[in-house]
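No hydrogens, no waters, no symmetry mates; every other heavy atom, side chains included, goes into these values.
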2 protein chains.
Amino acid sequence: MNTMLSVNAGEAGLAVTFASGETVSYPWLWLKDNAPSSFHPQTEERIFDLTSVEPSLQPLRVEATGNGVAITWSNDTAEDLLPAGFFDAHRPGRARDDPADIAPRLWDGSLRFEAVPRRAAPALMKDDDALLAWLKATAAFGLSIVDGLDDDPEAGRLVAERIAFLRQTNFGTIFEVVSMPNPNNLAYTPVALPLHTDLANQEVPPGYQFLHCVSNGAEGGGSTFADGFAVAAALKDEDPEAYRLLCEVEIPFRFHDADYDIRGRFPVIVTDSRGEVTELRFNAHLVDVIDLPSEKAVSFYAAYRKLMGMIRSERFMIAYRLKAGEMAVFDNRRVLHGRQAFNPNTGRRHLRGCYVDRGEFLSRIRVLSR
Amino acid sequence: MNTMLSVNAGEAGLAVTFASGETVSYPWLWLKDNAPSSFHPQTEERIFDLTSVEPSLQPLRVEATGNGVAITWSNDTAEDLLPAGFFDAHRPGRARDDPADIAPRLWDGSLRFEAVPRRAAPALMKDDDALLAWLKATAAFGLSIVDGLDDDPEAGRLVAERIAFLRQTNFGTIFEVVSMPNPNNLAYTPVALPLHTDLANQEVPPGYQFLHCVSNGAEGGGSTFADGFAVAAALKDEDPEAYRLLCEVEIPFRFHDADYDIRGRFPVIVTDSRGEVTELRFNAHLVDVIDLPSEKAVSFYAAYRKLMGMIRSERFMIAYRLKAGEMAVFDNRRVLHGRQAFNPNTGRRHLRGCYVDRGEFLSRIRVLSR
């Protein structure tokens with residue numbers, strides 16, 4: 001740890017000099033608002049009321065102690081003890097350490113499928129360390145395989161629920177991917193499904209998807225995947241203007257049936273305030289009639305078609321035929337998934353799916369990392 | 001309807017002249033991608049594959065018909081019939097009509113509570129027209145009261161489920177707001193709760209909240225509300241720099257307990273790509289230690305404290321003491337809610353809450369509007 005050498009109370013705030021030689025200034029109002037005593041000891045929710053003091057707040061008395069600083073704000077409040085570790089951990093501009101801040105490890109079509117993280121379900125069900133290691137690997141890779149699932153349609157869901165509750169959508173909580181006699185959705189036919197992300201029309205599409213292979217006795221029906229973050233990075237590098245358009249131009253998405261009509265406008269590539277890609281919304285089925293002005297539509301189509309071509313190319317796509325008792329787990333907002341055609345007359349193919357959102361998934365990593 | 005006078009096939013696209021005198025150009029690739037025949041007749045999902053044609057696609061033959069245009073793209077595809085209404089409804093740059101696009105009606109502390117939309121539960125439970133009118137009023141106002149609920153803790157939930165399934169969170173699907181002997185959250189005490197939005201730490205905080213008053217026999221315990229969109233508009237007008245900071249500066253939010261640790265970085269005022277306010281994230285309890293550089297922290301605090309003062313002022317806040325059998329319904333991402341202190345020794349106060357997200361709420365408006 002970076003120990004404190006000295007503290008100096010000035011008008012604007014407390015200047016702390018660390019053993020590293022660095023001097024850092026902590027504004028008084030910040031100190032009051034973020035001091036440990038401003039948070040509830042159990043819930044750690046903030047209980048201090050910012051409007052109860054003046055913005056120009058100054059302390060009555062500041063004292064360096066053996067292992068921190070004691071601040072008395074006024075005659076009618078108790079002394080606030082701020083440990084040395086607090087100043088180091090929360091120096092201005094330094095974000096709280098986050099065990100769930102896991103850098104993506106990008107991959108492309110050259111990946112051998114044996115390199116995809118693979119874990120046995122029994123260990124995940126009973127061992128929290130195994131669970132944590134799997135979650136971290138899945139977060140980094142965006143994709144993993146769980147095998148050794150019981151011969152029980154519920155087995156995949158039980159693994160997902162080791163993480164958190166399931167995300168409900170207009171398709172329910174659990175969905176069955178089988179070929180049906182009278183399909184109302186392409187997923188319920190035996191035809192090939194191009195790579196896509198699910199529910200791109202929703203304000204927040206489902207985070208992690210769990211596709212449990214209950215049976216796969218039909219010829220064909222291999223699963224396909226592509227790392228959308230890797231494709232976006234390549235596009236940014238090779239055609240920055242197309243990348244920019246796909247990050248900036250919002251297009252309409254829509255799903256509607258007898259019970260729902262869920263719409264939204266989003267860009268195809270979603271970036272955060274630092275410009276990092278956080279999500280791809282890629283599902284041609286769910287793109288509504290494009291409503292851009294004609295010139296913008298022409299340039300958008302050129303960029304979108306280029307991305308589409310890259311996603312489907314061997315350069316980025318990998319394929320794997322799931323076996324009964326295996327489950328593919330992937331970040332639906334990063335990794336695109338699809339399916340090769342199969343012959344329903346040669347046997348039964350049955351996948352069972354559900355989702356756990358990113359918020360709960362990352363929360364589980366933090367809690368298991370304690 | 002704006003009828004078509006003439007069509008003219010050019011190299012870039014089809015020029016359509018409307019009776020209004022306007023001539024609009026539809027690019028060929030756009031026409032192919034968005035023609036009704038490119039969507040599945042039942043699911044209305046797009047089935048056309050953009051990569052199956054060249055971007056420079058041109059039609060073989062174009063023919064004006066009595067009520068539209070017939071386009072033949074190639075010798076091996078059937079003629080595509082585009083009705084006249086399609087060209088008017090989808091002229092470039094015109095978004096699809098949306099019955100759920102309801103302009104907010106802003107309100108402030110001068111609002112008399114009798115002006116808040118109020119509906120009787122029995123009508124909402126059995127009459128779809130009454131349900132639709134209530135949803136629209138609630139969407140416009142951000143707040144409504146449902147009364148006449150059965151003396152049954154489940155009665156509020158049943159009204160919410162008339163809209164859609166409930167949003168599950170780390171607090172469950174239904175939560176009970178009562179004073180408990182050993183509270184683990186301020187909501188479960190009898191103290192006053194300042195105005196706030198729920199779960200501001202989540203990627204998408206819950207949309208509409210339903211607070212069903214099962215009993216309110218204690219002295220005090222009035223509910224408070226403020227229209228966050230109205231406050232944001234006033235701040236933008238009166239202190240544009242503070243408004244800008246609250247829209248742009250992202251601060252850390254966090255909730256954690258034994259089972260969860262859910263974090264995110266967001267601005268306090270969330271705007272869309274057009275600069276319209278879509279959401280306030282306002283919950284001091286859930287703001288983590290502020291990790292901004294010192295200078296930025298000082299200017300952020302000034303803006304944040306100003307917003308806080310406005311929200312709590314009589315200028316914006318309204319109060320109403322819910323009676324047993326009443327339910328407050330509000331857009332948790334727009335309308336802040338709070339509670340006055342109550343005396344638990346004078347009787348029982350029990351509210352029961354749940355959420356339906358914006359996506360499902362707006363979907364229900366669209367489906368009921370068909």
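Salt-bridge annotation for A:Asp272 and A:Arg274: present, with a side-chain N of the basic residue lying under 4.0 Å from a carboxylate O of the acidic one. In summary, B:Asp49 and A:Arg312 engage in a salt bridge, as defined by a charged side-chain N under 4.0 Å from a carboxylate O.
Residue A:Asp288 touches chain B through both its backbone and its side chain, counting heavy-atom pairs closer than 4.5 Å. With a threshold of 4.5 angstrom between heavy atoms, B:Val53 approaches chain A through N, CA, C or O but not through any side-chain atom. With a threshold of 4.5 angstrom between heavy atoms, A:Glu295 does not approach chain B through any atom at all. Looking at A:Arg370, only its side chain comes within 4.5 Å of chain B, counting heavy atoms on both sides. The contact between B:Leu292 and chain A is made entirely by backbone atoms, counting heavy-atom distances below 4.5 Å. At a 4.5 Å heavy-atom cutoff, the contact between A:Glu203 and chain B is made by side-chain atoms alone. Only the backbone of A:Ala258 comes within contact range of chain B, with at least one heavy atom under 4.5 Å from a heavy atom of that chain. Contacts of A:Arg94 with chain B are made by backbone atoms alone, with heavy-atom separations under 4.5 Å and no side-chain atom involved. Proximity to chain B is absent for every atom of A:Ser38, based on heavy atoms less than 4.5 angstrom apart. Interface residue B:Phe255: only side-chain heavy atoms are found under 4.5 Å from chain A. Only the side chain of B:Glu250 comes within contact range of chain A, with heavy atoms under 4.5 Å apart. Contacts of A:Val298 with chain B are made by side-chain atoms alone, with heavy-atom separations under 4.5 Å and no backbone atom involved. For chain B, no part of A:Ile365 is nearby; none of its heavy atoms comes within less than 4.5 Å. Looking at B:Asp98, the atoms closer than 4.5 Å to chain A (heavy atoms on both sides) sit in the backbone and in the side chain alike. Proximity to chain B involves both the backbone and the side chain of A:Ala95, based on heavy atoms less than 4.5 angstrom apart. With a 4.5 Å cut-off on non-hydrogen atoms, A:Asn201 does not touch chain B at all. Contacts of A:Arg91 with chain B are absent, with no heavy-atom separation under 4.5 Å from either backbone or side chain. Residue contact with chain A, scored on non-hydrogen atoms closer than 4.5 Å, involves the side chain of B:Phe39 exclusively. Residue contact with chain B, scored on non-hydrogen atoms closer than 4.5 Å, involves the backbone and the side chain of A:Pro55 alike.
Taking chain A as the reference chain and counting heavy-atom pairs below 4.5 Å, the highest number among B:Ala302, B:Gly13, B:Pro194, B:Pro92 is found for B:Pro92. When the candidates B:Arg366, B:His90, B:Gln168 are compared by the number of heavy-atom contacts under 4.5 Å with chain A, B:Arg366 comes out ahead. Of the residues considered (A:Ala284, A:Ala297, A:Ala100), A:Ala284 shows the highest number of contacts with chain B, using heavy-atom pairs under 4.5 Å. When the candidates B:Glu248, B:Lys296, B:Arg96 are compared by the number of heavy-atom contacts under 4.5 Å with chain A, B:Arg96 comes out ahead. Interface remark: of the candidates B:Phe48, B:Phe165, B:Tyr260, B:Phe165 forms the most heavy-atom pairs closer than 4.5 Å to chain A. With respect to chain A, the highest number of heavy-atom pairs below 4.5 Å among B:Gln202, B:His256, B:Arg364 belongs to B:His256. Highest contact tally toward chain B, considering only A:Val24, A:Thr169, A:Asn170, is held by A:Thr169 [criterion: heavy-atom pairs under 4.5 Å]. Here A:Asn34 is the residue among A:Asn34, A:Asp33, A:Leu29 with the most heavy-atom pairs under 4.5 Å with chain B. The greatest number of non-hydrogen atom pairs below 4.5 Å with chain B, out of A:Leu166, A:Ile262, A:Val287, is found for A:Val287.
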Determine, step by step, whether B:Arg265 and B:Asp291 satisfy the salt bridge (charged side-chain N to carboxylate O under 4.0 Å, His left out) criterion, reporting the C-alpha distance in whole Å, the side-chain angles of both residues, the deciding distance to 0.1 Å, and the verdict. CA-CA 10 Å; B:Arg265 291 189 80 83; B:Asp291 57 5; 2.7 Å; yes

For the pair A:Asn283 and B:Glu45, evaluate side-chain hydrogen bond (donor to acceptor under 3.5 Å, both in side chains) and give the outcome as yes or no after the intermediate values. CA-CA 10 Å; A:Asn283 190 320; B:Glu45 294 178 319; over 6 Å; no

Determine, step by step, whether B:Arg358 and B:Asp331 satisfy the salt bridge (charged side-chain N to carboxylate O under 4.0 Å, His left out) criterion, reporting the C-alpha distance in whole Å, the side-chain angles of both residues, the deciding distance to 0.1 Å, and the verdict. CA-CA 8 Å; B:Arg358 277 187 182 172; B:Asp331 181 349; 3.0 Å; yes

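Residue B:Ile174 comes nearest to B:Cys354 through the heavy atom pair CD1-CB, 3.8 Å, listed as atom of the first residue, atom of the second, then distance. Considering every non-hydrogen atom in both B:Ser299 and B:Leu245, the closest pair reads O-CD1, 3.7 Å. The heavy-atom pair separating B:Asp259 from A:Val367 by the smallest distance is O-CG2, 3.6 Å. Across B:Val270 and B:Arg281, no two heavy atoms sit closer than the pair CG2-NE, 4.1 Å. Minimum heavy-atom separation, A:Thr51 to B:Gly309: CG2-N, 4.4 Å. When all heavy atoms of A:Ser294 and B:Ser25 are compared, the closest pair comes out as OG-O, 2.6 Å.
Checked by atom type, the side-chain pair A:Asp357/A:Tyr208 shows no donor-acceptor distance below 3.5 Å.
A donor-acceptor pair under 3.5 Å is absent between the side-chain atoms of A:Arg263 and the main chain of A:Arg254, judged by distance alone.
The aromatic rings of B:Phe300 and B:Tyr304 lie parallel to each other, with less than 30° between the two planes, well short of the 60° mark.
With a 6.0 Å cutoff to the six-membered ring centre and a 45° limit on the axis angle, A:Arg167 does not count as a cation-pi contact of A:Tyr355.
The CG atom of A:Leu57 sits 7.5 Å away from the NZ atom of A:Lys32 when rounded to the nearest 0.5 Å.
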